[in-house]
Amino acid sequence: MSADRIVVLGTGGTIAGRGQPGTDLGYVAGQIGVEDLLSGVPELAGVPVACEQVAQIDSKDMRFDVWQSLAARCAHWLAQPDVTGIVVTHGTDTLEETAWFLQRVLAPAKPVVITCAMRPATALVPDGPQNLVDAFTAARHPGARGVLAVCAGVVHGAAEVRKVHTYRLDAFGSGDAGPIGYVEAGRVRQLREWPRSVADPALSDAVARAREWPWVEIVTNHAGAGARTVDALVAAGVHGLVVAGTGNGSLNAAMEQALLRAMGQGLRVVRSTRCLDGEVIVQAGDALPAHPLAPVKARVDLLLELLA
Ligand code: SIN
């Protein structure tokens with residue numbers, strides 16, 4: 001058995017998408033198996049690899065059971081002494097949610113590198129093959145750890161990564177934290193620390209055993225927002241709410257009152273911001289708890305909190 005194995009876990013996405021040859025819209029995501037994706041990249045031919053197809057979906061349809069399977073397969077492979085790191089192929093649309101979920105659940109001491117593509121494999125010039133090569137470079141980089149996202153030569157951390165463009169190949173940003181580094185000519189140029197968090201075996205266990213996941217929704221503050229959406233969700237039995245506030249997490253007065261009523265009934269409510277950069281700065285007298293990450297990641301945290 002080789003001592004430098006990379007495990008590639010396929011979940012679908014545009015990187016595995018197929019469409020009319022030469023076009024980059026109107027394709028179907030999640031069509032090409034992960035082994036076929038790798039066999040189309042001769043640059044990876046000499047690397048000892050194991051492949052598994054965990055799912056084959058468009059990531060807009062990401063589901064909890066896929067997250068569960070992915071976390072389980074990552075945990076299995078990370079525990080193998082000959083495995084250096086994991087590469088996950090994934091759609092771009094919910095990549096940041098999966099990245100944060102895996103970072104929280106696995107807190108891996110080895111690298112788990114999620115990669116993707118903005119163009120399908122059948123495009124005139126697909127970006128997936130280079131992203132795969134760059135993801136392998138990051139996964140094999142000495143000392144790399146934690147859940148990373150690699151796209152268009154940029155290495156992002158799980159906490160900061162966000163999809164920020166609908167079409168551009170360089171579709172991700174890390175906000176004002178900036179990227180962890182770049183992959184340049186087959187090498188990682190590292191700018192800041194790898195993601196680090198403390199493993200919580202009880203949390204991993206709760207995720208593995210969960211049959212029903214909590215119902216957690218995101219509501220957004222906006223001009224004309226009021227109490228109705230929150231009240232309707234509470235009446236329908238939602239288990240937790242993340243509110244994407246305006247600016248520094250500010251809220252329409254009626255919406256805030258509705259959220260406070262919900263909290264009073266025992267519902268967990270977390271306040272984030274719809275701003276792309278910065279985080280909610282807590283002020284004296286704030287009634288609703290603030291969360292430093294983007295609303296979709298605050299939602300992952302709330303899901304895990306309710307699950308545990
Ligand atoms: C997806 O998220 O699965 C489709 C879009 C993409 O990968 O760019």
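In this chain, numbering begins with 1 at the start of the sequence shown. First listed ligand is number 1; within each ligand, the first listed atom is number 1.
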Original post:
Does an N or O anywhere in Lys60 fall below 3.5 Å from an N or O of ligand 1?
Top reply: no
What is the nearest protein non-hydrogen atom to [atom], stated with its residue, atom name and distance?
{"atom": "atom 6 (C) of ligand 1", "result": "Thr14 OG1, 2.7 Å"}
{"atom": "atom 8 (O) of ligand 1", "result": "Thr92 OG1, 2.5 Å"}
{"atom": "atom 3 (O) of ligand 1", "result": "Ser59 N, 2.6 Å"}

Original post:
So do Phe172 and Leu95 actually touch side chain to side chain, heavy atoms under 4.5 Å?
Top reply: yes
Original post:
Given Ile114, which of Val88, Leu148, Thr89, Leu9 fulfils the side-chain contact (heavy atoms from CB on, under 4.5 Å) condition?
Top reply: Val88
Original post:
To the nearest 0.5 Å, how far apart are CG in Leu233 and NE2 in His239?
Top reply: 12.0 Å
**OP:** Inspect the surroundings of CZ in Arg192 and state if more than 12 heavy atoms from other residues, nucleotides or ligands are less than 6.0 Å away.
**Re:** yes
Subject >> Leu260 CG: over 12 foreign heavy atoms closer than 6.0 Å >> reply: yes
Subject >> Interfacing atoms of ligand 1 (cut-off 4.0 Å, heavy-atom, Asp93) >> reply: 2 (O), 4 (C), 5 (C)
**OP:** Determine, using heavy atoms of Ala117 and all atoms of ligand 1, whether some pair is separated by less than 4.0 Å.
**Re:** yes
